[in-house]
Amino acid sequence: MRIDPIDSRGILATAAFLMLALFIQPSQAQTHKDEHPGGTAHRLELDHGKKWATDEPLRKGMGEIRNLIAASEPGFRKGKLAQEDYAALGTKIEEQVAYIVANCKLEPRADENLHVVLAGIISGADAMQGKDRKVTAAAGARKVIAGLNSYGRYFDHPGWKRL
């Protein structure tokens, strides 16, 4: 019997996602408490009136999340998406978040803002998978959409379209 070697990139992506999930709690969709002076909450903000710069891994991951949601949006808007479909979609979204966390390299202030956006997306993906019983899967999908739209308002991603 031959055992294939473990894909170290998959392990790193999963570890990065788990670290982010521990760092950002699901209830922190638009406000993120971090170790800022005085314990203040971090809110999304522009970079001196301009959108934050992005890198290729961030654009790739966020683009994939947007594509996943856009493809399923008609189903959940009409109430025709089954729980297993939401769960599978939530899992795919988490995989993209893990990819972003493992590969994206932004300057610290941009990264702080990205964490706020990703918190909402993670929270929504958790609800879609049934991990947050207080939020329906459809409401979780709406949280992901809100996170994606916030990303488009605060980050420079050429060709980004609001959902």
Side-chain angles (χ1 to χ4, degrees), residues 7-73 76 86 88-129 131-132 135 137 139-163:
D7 180 6
S8 62
R9 287 181 303 182
I11 291 173
L12 287 174
T14 300
F17 173 77
L18 292 173
M19 287 173 33
L20 181 65
L22 291 172
F23 181 66
I24 300 173
Q25 297 301 311
S27 64
Q28 299 169 323
Q30 291 298 319
T31 302
H32 167 67
K33 291 191 179 190
D34 200 351
E35 296 301 317
H36 298 288
T40 59
H42 183 80
R43 296 192 188 282
L44 286 171
E45 60 187 17
L46 291 170
D47 182 15
H48 299 93
K50 293 187 263 181
K51 292 182 179 186
W52 296 101
T54 58
D55 63 6
E56 183 58 32
L58 176 57
R59 291 187 298 272
K60 181 178 185 266
M62 293 302 281
E64 287 296 322
I65 294 169
R66 190 197 180 287
N67 290 342
L68 289 165
I69 285 289
S72 300
E73 188 177 19
F76 68 78
Y86 277 113
L89 184 57
T91 298
K92 289 177 184 176
I93 290 168
E94 280 187 349
E95 290 169 0
Q96 290 304 312
V97 170
Y99 169 81
I100 291 167
V101 171
N103 296 287
C104 176
K105 305 292 182 230
L106 300 179
E107 64 97 357
R109 290 195 56 232
D111 191 57
E112 287 176 10
N113 281 277
L114 179 60
H115 282 217
V116 176
V117 170
L118 291 179
I121 292 172
I122 291 168
S123 175
D126 283 350
M128 292 168 72
Q129 294 175 78
K131 294 178 185 177
D132 182 350
V135 181
R142 288 190 297 273
K143 280 185 165 190
V144 173
I145 290 172
L148 291 169
N149 289 335
S150 290
Y151 168 75
R153 278 192 304 274
Y154 290 91
F155 288 86
D156 185 17
H157 185 131
W160 186 262
K161 290 189 169 78
R162 182 176 171 81
L163 286 169

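Values below: all heavy atoms of this structure, side chains included; hydrogens, waters and symmetry mates excluded.
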Asker: Please indicate whether K51 has more than 12 foreign heavy atoms, meaning atoms of other residues, nucleotides or ligands, lying under 6.0 Å from its NZ.
Answerer: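 Enclosed.
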
Asker: If you round to the nearest 0.5 Å, how far is CE of M128 from OG of S72?
Answerer: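 One gets 7.0 Å once the value is rounded to the nearest 0.5 Å.
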
Asker: Does the distance from a Lys or Arg side-chain N to an Asp or Glu carboxylate O, for K105 and E56, drop under 4.0 Å?
Answerer: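 Judged by the 4.0 Å cut-off on N to carboxylate O distance, K105 and E56 do not form a salt bridge.
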
Asker: Side chains of I121 and E94, heavy atoms from C-beta outward: is any pair under 4.5 Å?
Answerer: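 Sidechains of E94 and I121: no contact.
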
Asker: Work out which heavy atom in C104 is nearest to a heavy atom in L58; give both atom names and the distance.
Answerer: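 Where C104 meets L58 most closely, the heavy atoms are SG-CB, 3.7 Å.
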
Asker: Classify the ring geometry of F155 against W52: parallel below 30°, tilted from 30° to 60°, perpendicular beyond 60°.
Answerer: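 Because their plane-to-plane angle lies in the 30° to 60° range, the rings of F155 and W52 count as tilted.
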
Asker: Just wondering, do L89 and I69 contact through their side chains at under 4.5 Å, heavy atoms?
Answerer: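 Sidechains of L89 and I69: in contact.
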
Asker: Do I65 and K92 touch side chain to side chain, with heavy atoms closer than 4.5 Å?
Answerer: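 A side-chain contact is absent here, since even the closest heavy-atom pair is not under 4.5 Å.
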
Asker: Is the NZ or CZ atom of K60 both under 6.0 Å from the centre of the six-membered ring of Y99 and within 45° of that ring's axis?
Answerer: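 Yes, K60 and Y99 form such a contact.
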
Asker: Between atom CG of L44 and atom NE2 of H115, what is the distance when rounded to the nearest 0.5 Å?
Answerer: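 Nearest 0.5 Å value for the CG-NE2 distance: 12.0 Å.
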
Asker: Could you please spell out the steps behind the side-chain contact (heavy atoms from CB on, under 4.5 Å) verdict for D126 and V135?
Answerer: CA-CA 9 Å; D126 283 350; V135 181; over 6 Å; no

Asker: Distance from I100 atom CD1 to L114 atom CG, nearest 0.5 Å?
Answerer: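 Spacing of CD1 (I100) from CG (L114) equals 7.0 Å.
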
Asker: If I compare all heavy atoms of G90 with all of A125, which pair ends up nearest, and what's the gap?
Answerer: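 In this case the closest contact between G90 and A125 is O-CB, 3.7 Å.
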
Asker: Considering non-hydrogen atoms only, spot the tightest contact between G140 and A127 and give its length.
Answerer: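 Of all heavy-atom pairs spanning G140 and A127, the closest is CA-CB, 3.7 Å.
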
Asker: Between Y151 and W160, what is the ring plane arrangement, given parallel below 30°, perpendicular above 60°, and tilted in between?
Answerer: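 Plane angle over 60°, so perpendicular.
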
Asker: Applying side-chain contact (heavy atoms from CB on, under 4.5 Å) to N113 and D47, what does each step give before you reach the verdict?
Answerer: CA-CA 10 Å; N113 281 277; D47 182 15; over 6 Å; no

Asker: Just how far is it from atom CG of L68 to atom CD of E95, taken to the nearest 0.5 Å?
Answerer: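 Taking CG in L68 and CD in E95, the distance rounds to 9.0 Å.
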
Asker: Using the side-chain contact (heavy atoms from CB on, under 4.5 Å) rule, take L46 and K50 through it: C-alpha gap first, then chi angles, then the decisive distance, then the call.
Answerer: CA-CA 5 Å; L46 291 170; K50 293 187 263 181; 6.0 Å; no

Asker: Calculate, to the nearest 0.5 Å, the distance between atoms CZ and OG belonging to R162 and S150 respectively.
Answerer: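 That separation rounds to 8.0 Å.
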
Asker: Can you see which heavy atom on S123 is nearest to which on K143, and at what distance?
Answerer: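 Closest approach of S123 to K143: OG-NZ, 2.8 Å.
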
Asker: Determine whether a donor-acceptor pair (N or O, by modelled atom type, separation under 3.5 Å) exists between the side chain of T54 and the backbone of D156.
Answerer: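 Looks like yes, one N/O pair under 3.5 Å.
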
Asker: How long is the gap from CD1 on I145 to CZ on R66, to the nearest 0.5 Å?
Answerer: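 The CZ atom of R66 is 9.5 Å from CD1 of I145, to the nearest 0.5 Å.
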
Asker: Check the pair E112, R109 against salt bridge (Lys or Arg N to Asp or Glu O under 4.0 Å), reporting the backbone distance first and the verdict last.
Answerer: CA-CA 5 Å; E112 287 176 10; R109 290 195 56 232; 5.4 Å; no

